[in-house]
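Notes for the one structure printed next.
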Amino acid sequence: MWQPNKLEKERVEKVERLEAQGVEAFPRRVQRTHTCAAAIAAYEALEPTDSEAAQGIEVTVCGRIRRANLKGKIAFLHIEDESGRVQLMLRVNDMDEASFALIGEKLVDNDDFVQASGTMMRTKAGEVSVHAREFRLLAKSLSPLPVIKQQTLDDGTVVEHGEFTDVESRYRQRYADLAVNADVRDVFRKRARILKAVRNFFDDEGFLEVETPILQPLYGGAAARPFITHHNQLDQDLFLRISFELYLKRLLVGGYDAVYELGRDFRNEGVSFKHNTEFTMLEFYKAYIDYHEVARLTERFVAAAAMEANGTLQINYQGKAIDFTPPWKRITMREAIREACGIDYMDYPEAAALEAVIRAKKIEVKPGLPWGKLVEHLLGEAVEPNLIQPTFIMDYPRQISPFAKRVDYDDTHVERWEMYMAGMEMANAFTELNDPRDQEARFLDMAKVFREGDDDEVPLDEDYLRAMRYGMPPNGGFGMGMDRLVMLLTNQRSIRDVLLYPHLRHEK
RNA sequence: GGCCCUGUAGCUCAGUGGCAGAGCACCCGCCUUUUAAGCGGAGUGUCGUAGGUUCGAAUCCUACCAGGGUCACCA
């Protein structure tokens, strides 16, 4: 139940006064001939050659009042639409009584949406403005937005005075955050462009964009705990997907050579600056390529997204220079770990011995982890934070990679890489396992290593094996959290700043 | 879940045991080319919530709520 504060009560009273005068505070009909930016552009285009004609340009503009300078019998308002801001000059002599009454009786406030008609002009102070003849209210704002004043310095830079920075309020009331923070609006425009660039890339490469179930009777394709929900009529528990992998690879059995999906994954685990409960994943699978070719595709599509976002392959992310120019560094996991901490994990084929030597290097580790998890932990502790430039870490332990083909040089590793940037894990790819007998053995191996209820539990998916037995072409597959890519390309420190509505606790 | 920090006006913040404060916003008055407009007047409040200590609590203590950071967990 809304409990209006003093400021809000004042605005409600203004609405009541307007309505008592027969003025609609929320009228149905609106007119607009120009956006704010278009009105200014039309004037500036004509002014140098024919300033008289420029002064005659008739416009009707709409927007939200962002600054009001009421000077008695003249008023200057800045209104803002998505294109930008334009100033209105409202002079009592030049307007009908009803239009100016809104100003004179202070019935409009900052944040109201208004419409103004008049001719373009340049004020004595030099600002291109709409010299308003008619002025009307389009929508009253009952709750004031946070006040941010802008000052344009001589060199043209805009300084903002007053801020809206409280993170909880900004995330819970994203609408208010967006309404007052233009740079936040820009982040989400750029996010849209990045995702569109990714789609365009894969469309142009001949991939088919598909949609697979979000509600799944069995989850899989990644090591994560799922959310569980329930279908009432069927009396069936369902999982929210943790990956798209197994459904997408079934499509290769079906005869599509290359598919991708850009959609939401859900993982029931902790949140952090780089984890949100639900996040946007890109996965693609392509027949007749291996993980080396997947890496080359990755370099190309990330570069395309970077160009679309910033027009350059060199970015600054939180003070770190990052260069997306292909080719990126490739190094085996074994070599990367040996370089970073001097441990050759192949010297310690038993988990207990590997755990002991990790501890001897003063790296903390949870006791009793399986061998493959120890290797992964070592990578995360010793190597990952230093992987600033885009880097492919090649050849992962088979024990923690149930969907990747073995390498040809030993039985311990598989053809899998993970790609890192800015010290963050960004992507994961394999030469996909397509031998149903091997796949079944991997499922059974996983069941031995990870018990039911473990975070890493990989349930055996009989239908996936059935699909694979019809014959699956050799293929390379890929998955990447797109939010993290957007973080890099928009220079945002937290995943919450690239999600319009990040996950928060219940509001009390 | 552990630990640390934070919560005071619409916004951003100061106040750390003795009258609840500042800037901007809002309100009243003046102002017909302003632009962080200006001048004059007015402080608008559940000091996150509930207890406790104290003559006296925004301030100290406890619990809780919310947020952030970090660790654990985890693409």
Side-chain angles (χ1 to χ4, degrees), chain A residues 3-11 13-14 66-78 85 87-95 100 103-104 106 109-111 121-127 129 131 141-153 158-172 176-177 180-181 221-225 242-243 265 267-277 279 281 364-366 373 376-377 379-380 384 400 418-420 424-428 454-456 479-484 493-496 502 504-508:
Chain A
Q3 302 282 345
N5 63 32
K6 183 172 178 292
L7 279 63
E8 291 169 328
K9 281 177 187 155
E10 286 166 6
R11 292 193 175 187
E13 282 162 16
K14 288 182 186 182
R66 299 310 307 277
R67 163 181 168 263
N69 182 8
L70 312 183
K71 294 166 55 67
K73 297 194 171 54
I74 190 168
F76 297 90
L77 305 183
H78 277 173
R85 295 187 179 194
Q87 177 168 264
L88 311 180
M89 184 178 85
L90 306 107
R91 228 164 53 130
V92 64
N93 302 29
D94 307 332
M95 306 179 72
F100 196 80
I103 301 293
K106 296 193 175 174
D109 292 285
N110 275 325
D111 316 319
M121 63 166 300
R122 191 181 283 277
T123 63
K124 282 182 185 170
E127 181 163 351
S129 307
H131 187 177
S141 160
L142 298 183
S143 298
L145 286 166
V147 179
I148 294 181
K149 289 197 170 187
Q150 292 185 341
Q151 178 181 19
T152 307
L153 301 177
V158 175
V159 181
E160 295 200 327
H161 302 268
E163 292 175 294
F164 180 49
T165 53
D166 179 75
V167 286
E168 180 182 359
S169 303
R170 284 186 49 230
Y171 295 151
R172 284 201 197 282
D177 185 30
V180 300
N181 290 322
R225 278 156 66 188
I242 58 171
S243 84
D265 268 343
R267 298 189 181 177
N268 202 342
E269 49 201 33
V271 297
S272 80
F273 75 95
K274 56 180 172 179
H275 296 88
N276 194 64
T277 305
F279 60 100
M281 187 74 157
E364 284 188 32
V365 60
K366 208 166 75 175
K373 293 294 287 182
E376 192 179 41
H377 181 76
L379 183 84
E384 178 173 336
I400 55 168
E418 290 194 336
M419 188 269 283
Y420 291 80
M424 266 193 294
E425 182 185 337
M426 300 291 295
N428 184 14
D454 275 0
D455 297 350
D456 296 280
M480 179 172 187
M482 298 307 288
D483 311 285
R484 291 184 181 177
R493 201 178 52 80
S494 167
I495 196 169
R496 293 173 172 195
L504 300 172
R505 284 180 218 229
H506 283 298
E507 188 173 11
K508 293 265 173 125

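Order of the sequence lines fixes the chain letters, A, B, ..., with proteins taken first and strands second; residue numbering starts at 1 for each chain. Keep in mind it's a predicted model, so treat the numbers as computed, not measured.
Listed by chain and number, the residues in a side-chain hydrogen bond (donor to acceptor under 3.5 Å, both in side chains) with His275(A) are Ser272(A), Arg484(A) (sequence neighbours excluded). For Lys274(A), the salt bridge (Lys or Arg N to Asp or Glu O under 4.0 Å) partners two or more places apart in sequence, or in a different chain, are Glu384(A).
Separating the CG atom in Asn181(A) from the CG atom in Leu145(A) is a distance of 10.0 Å, to the nearest 0.5 Å. We find the CD-CZ distance between Gln150(A) and Arg85(A) to be 4.0 Å, quoted to the nearest 0.5 Å. To the nearest 0.5 Å, atoms CG (Leu88(A)) and CZ (Arg67(A)) are separated by 10.5 Å.
At least one side-chain heavy atom of Arg66(A) sits less than 4.5 Å from a side-chain heavy atom of Val180(A).
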For nucleotides 31-36 of chain B, 5' to 3', base contacts (B), sugar-phosphate-only contacts (S) and non-contacts (-) with protein non-hydrogen atoms under 4.0 Å give BBBBBB
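Using P as the reference atom, G40(B) and C5(B) are 44 Å apart when rounded to the nearest Å. Atom name P, nucleotides A58(B) and G18(B): the rounded distance is 10 Å, in whole Å. Rounded to whole Å, the separation between the C1' atoms of U32(B) and A36(B) comes to 22 Å. The C1' atoms of A63(B) and C28(B) are separated by 46 Å, rounded to the nearest whole Å. G45(B) and C11(B) have their P atoms separated by 13 Å, with the value rounded to a whole Å. G23(B) and C39(B) are spaced 12 Å apart, taking the P atom of each and rounding to whole Å. The separation of U44(B) from G10(B), taken at their P atoms, amounts to 12 Å, rounded to a whole angstrom. Look at the C1' atom in both U46(B) and A20(B): the space between them is 14 Å, to the nearest Å.
Using a cutoff of 4.0 Å between basic side-chain nitrogens and carboxylate oxygens, Glu10(A) and Lys6(A) are scored as salt-bridged. Using a cutoff of 4.0 Å between basic side-chain nitrogens and carboxylate oxygens, Glu376(A) and Lys373(A) are scored as salt-bridged.
Between Asp166(A) and Lys14(A), it is Asp166(A) whose nearest contact on RNA chain B lies nearer the 5' terminus. Taking for each of Arg267(A) and Phe273(A) the nucleotide of RNA chain B with the nearest heavy atom, the 5'-most of the two is the partner of Phe273(A).
U16(B): glycosidic angle within 90° of 0, hence syn.
Between Asn110(A) and C26(B), a side-chain N or O to OP1/OP2 separation shorter than 4.0 Å is present. In terms of phosphate contacts, Arg172(A) brings a side-chain nitrogen or oxygen within less than 4.0 Å of OP1 or OP2 of G67(B).
C11(B) atom P lies 13 Å from atom CG of Asn181(A), rounded to whole Å. In this structure, Asp111(A) places its CG atom 9 Å from P of C26(B), rounding to the nearest Å. Counting to the nearest Å, the P atom of A72(B) and the NZ atom of Lys373(A) are 13 Å from each other. For Glu10(A) and U44(B), the CD to P distance is 13 Å, given to the nearest whole Å. U70(B) atom C1' lies 15 Å from atom NE2 of His275(A), rounded to whole Å. Separating the CD atom of Glu8(A) from the P atom of C11(B) is a distance of 10 Å, rounded to the nearest angstrom.
No contact: Glu160(A) has no heavy atom under 4.0 Å from any strand. As judged by a 4.0 angstrom heavy-atom cut-off over every strand, Lys9(A) is placed among residues making no nucleic acid contact. Within 4.0 Å of Ser169(A), counting heavy atoms only, lies no atom of the nucleic acid at all. Note on Lys366(A): only backbone sugar-phosphate atoms sit closer than 4.0 angstrom, heavy atoms only; bases stay farther off. Contacts of Ala427(A) with the nucleic acid, taken as non-hydrogen atoms under 4.0 Å apart, include base atoms.
G7(B): Watson-Crick or G-U partner is C65(B), with both key distances under 3.5 Å. Base pairing of C55(B) is made with G18(B), judged by Watson-Crick or G-U wobble geometry with both donor-acceptor distances under 3.5 Å. Summarising the base pairing, C31(B) is matched to no nucleotide, lacking a Watson-Crick or G-U wobble pair whose two defining distances lie under 3.5 Å. A25(B) is paired with U44(B) under the Watson-Crick or G-U wobble criterion, all donor-acceptor distances under 3.5 Å. In a base pair of the Watson-Crick type (N1 to N3 plus N6-O4 or O6-N4) or a G-U wobble (N1-O2 and O6-N3), with each distance short of 3.5 Å, G1(B) is matched with C71(B).
With hydrogens and angles ignored, the 3.5 Å screen pairs a side-chain donor or acceptor of Lys14(A) with a backbone N or O of Lys106(A).
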